[in-house]
Each structure stands twice: as structure tokens, then as C-alpha cells.
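A quick write-up on the structure given underneath.
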Amino acid sequence: PQQSSVIVFGTHADLLTPEQLTQRMSQLKSVAKMAISHQKLVGVIAINLTNIYSEKMDQFSSLLYTTNKDVLSNSLPISMMCHMMLAFLKERLPRDMHAISLSDLLVRLMADQDKYINPEIIAVVPLLKTLSERGLIVFIPSEDPNGCWIVLDKASILKKVNGALFADPLLKEYTHL
């Protein structure tokens, strides 16, 4: 399967010393590599948002343009069942839900009145794997079905990881990560 492209960027790079920036970028790259197992990491950039004409902003714009061009020319279609699963995940689950376990998803599918998706694990897992391979969700498999997770909102989770890595240590909001 074709890998989707991922760009990770952090802001407030201007507030860090060069040593701190090097350390944080190294940490961010290692976390990103672990978090995006089915996608292709095309770049990790620390941006200074106080200067829109900075070298890093040009690098980010160029990377974004190139990646979008590649994505549009190489995109693969997904099946109708994958569309239905994605619609279920995005429209039938609470909007503030960032992740759900596979066992909880199966329970919700069984309780769904429309019954468009077969709630059997053997039918659901391939759909989740395809959606994950396309970068639409993150499916974290496990040999134990209770240990499988579906991450619905990658942005909020990456925001928390970026916050933990780039936030001032005095900020208590990210100390629990």
C-alpha cells in the first residue's frame, strides 16, 4: 500500500537556544517516527512565526507544495465500505472523542441502527487498516483485540506531543505527558 505523507512542524523556534532547538527537533523526529508507522515522514520543521519571510517558512512552503503535488498525483481510491467506516467514525462518534478502542467501536457498531457495517472483527479490522494506510486515521493494532486503538484526531494528539516538546518547562499544561 502507498504511504501517505506527513509533515510535522513546531512553532516558537525563535524562543529556543540552538542547543534546545537541536534537542527538541531530535525528540520530535523520534516521536514522529514511532507515531506514524504507516505514513511517510517527509519533514520536521521548527518555524519562527514572527518572520513570515524566514528561511524555515520558505522551506515549509516548498515542502507543503511538493507534498501536495505528490499526494494529488499518487492518491489511491478507497472502497465504499472504507468510506462508510470513515463516515461512521467521523459522524456517529462524539466530536470530542480523539481515540476509541476496537472493542468499544465494535460495541457501537453492533448498537448502530443502520447496520451498514458488519460489526464482526474480521470485517472491521481490514477497513481500519486501509484507512490507517491512507492516513485518514491511525489504527494501532495489538494481538489482544482489547489493546487495539483507533486514533480519530491525529492533530490533537500531535498538538499535545508538540506542546510537550516545545513548551516552556514552566508551563504546567503539558507536564503530564
Side-chain angles (χ1 to χ4, degrees), residues 1-11 28 31-45 47 49 60-61 63-167 173-174 176-177:
Q2 181 180 352
Q3 295 178 320
S4 58
S5 300
V6 175
I7 300 171
V8 179
F9 67 96
T11 61
L28 184 59
V31 168
K33 283 180 183 176
M34 289 185 321
I36 55 173
S37 59
H38 294 295
Q39 290 88 12
K40 176 176 61 174
L41 181 63
V42 294
V44 177
I45 303 171
I47 300 174
L49 292 179
F60 175 67
S61 297
L63 191 58
L64 192 59
Y65 173 76
T66 304
T67 303
N68 279 337
K69 193 168 74 171
D70 290 345
V71 167
L72 291 175
S73 66
N74 295 325
S75 60
L76 295 173
I78 60 174
S79 70
M80 179 59 80
M81 290 307 298
C82 284
H83 278 287
M84 294 171 75
M85 175 61 79
L86 186 61
F88 182 86
L89 294 171
K90 299 291 182 179
E91 297 168 11
R92 304 258 177 119
L93 298 178
R95 295 215 184 273
D96 61 345
M97 182 178 284
H98 301 300
I100 186 171
S101 69
L102 178 59
S103 55
D104 287 344
L105 176 62
L106 295 174
V107 168
R108 288 173 186 254
L109 285 170
M110 283 188 250
D112 185 45
Q113 295 176 354
D114 293 336
K115 303 285 187 210
Y116 290 127
I117 301 169
N118 180 352
E120 299 295 322
I121 194 168
I122 197 162
V124 171
V125 169
L127 298 175
L128 296 172
K129 285 182 178 179
T130 299
L131 292 173
S132 185
E133 289 166 357
R134 300 300 191 278
L136 299 169
I137 62 168
V138 175
F139 177 62
I140 304 170
S142 171
E143 290 185 20
D144 175 14
N146 294 322
C148 296
W149 283 89
I150 300 99
V151 177
L152 305 170
D153 188 1
K154 294 185 298 186
S156 69
I157 290 174
L158 285 176
K159 176 184 167 189
K160 291 177 181 179
V161 170
N162 276 339
L165 293 176
F166 286 97
E173 180 180 353
Y174 297 107
H176 66 282
L177 292 177

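Positions are given from 1, in the same order as the sequence printed here. Computed over heavy atoms, backbone and side chain alike; hydrogens, waters and symmetry mates excluded.
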With sequence neighbours excluded, what pairs up with P119 under the side chain to side chain contact (heavy atoms under 4.5 Å, CB included) test? L109, M110

Atom of L152, atom of M97 and distance for their closest heavy-atom approach: CD1-O, 3.8 Å

Which atoms form the tightest heavy-atom contact between M81 and I117, and what is the distance? CE-CA, 4.1 Å

As a quick check of understanding, evaluate side chain to side chain contact (heavy atoms under 4.5 Å, CB included) for I150 and L102, giving each step before the final call. CA-CA 7 Å; I150 300 99; L102 178 59; 4.3 Å; yes

Given 3.5 Å as the limit, does a donor-acceptor pair link the side chain of S132 with the main chain of L128, or not? no

With a cut-off of 3.5 Å and sequence neighbours excluded, list every side-chain donor-acceptor pair involving residues 136-145.
from: S142; atom 1: OG; to: D144; atom 2: N; distance (Å): 3.2
from: S142; atom 1: OG; to: D144; atom 2: O; distance (Å): 3.4
from: D144; atom 1: OD1; to: N146; atom 2: N; distance (Å): 3.1

Kindly give the heavy-atom pair with the smallest separation between L105 and F88, and that separation in Å. CD1-CE2, 3.7 Å

So salt bridge (charged side-chain N to carboxylate O under 4.0 Å, His left out) across residues 88-100, not counting sequence neighbours, yields R92-D112, R92-D114

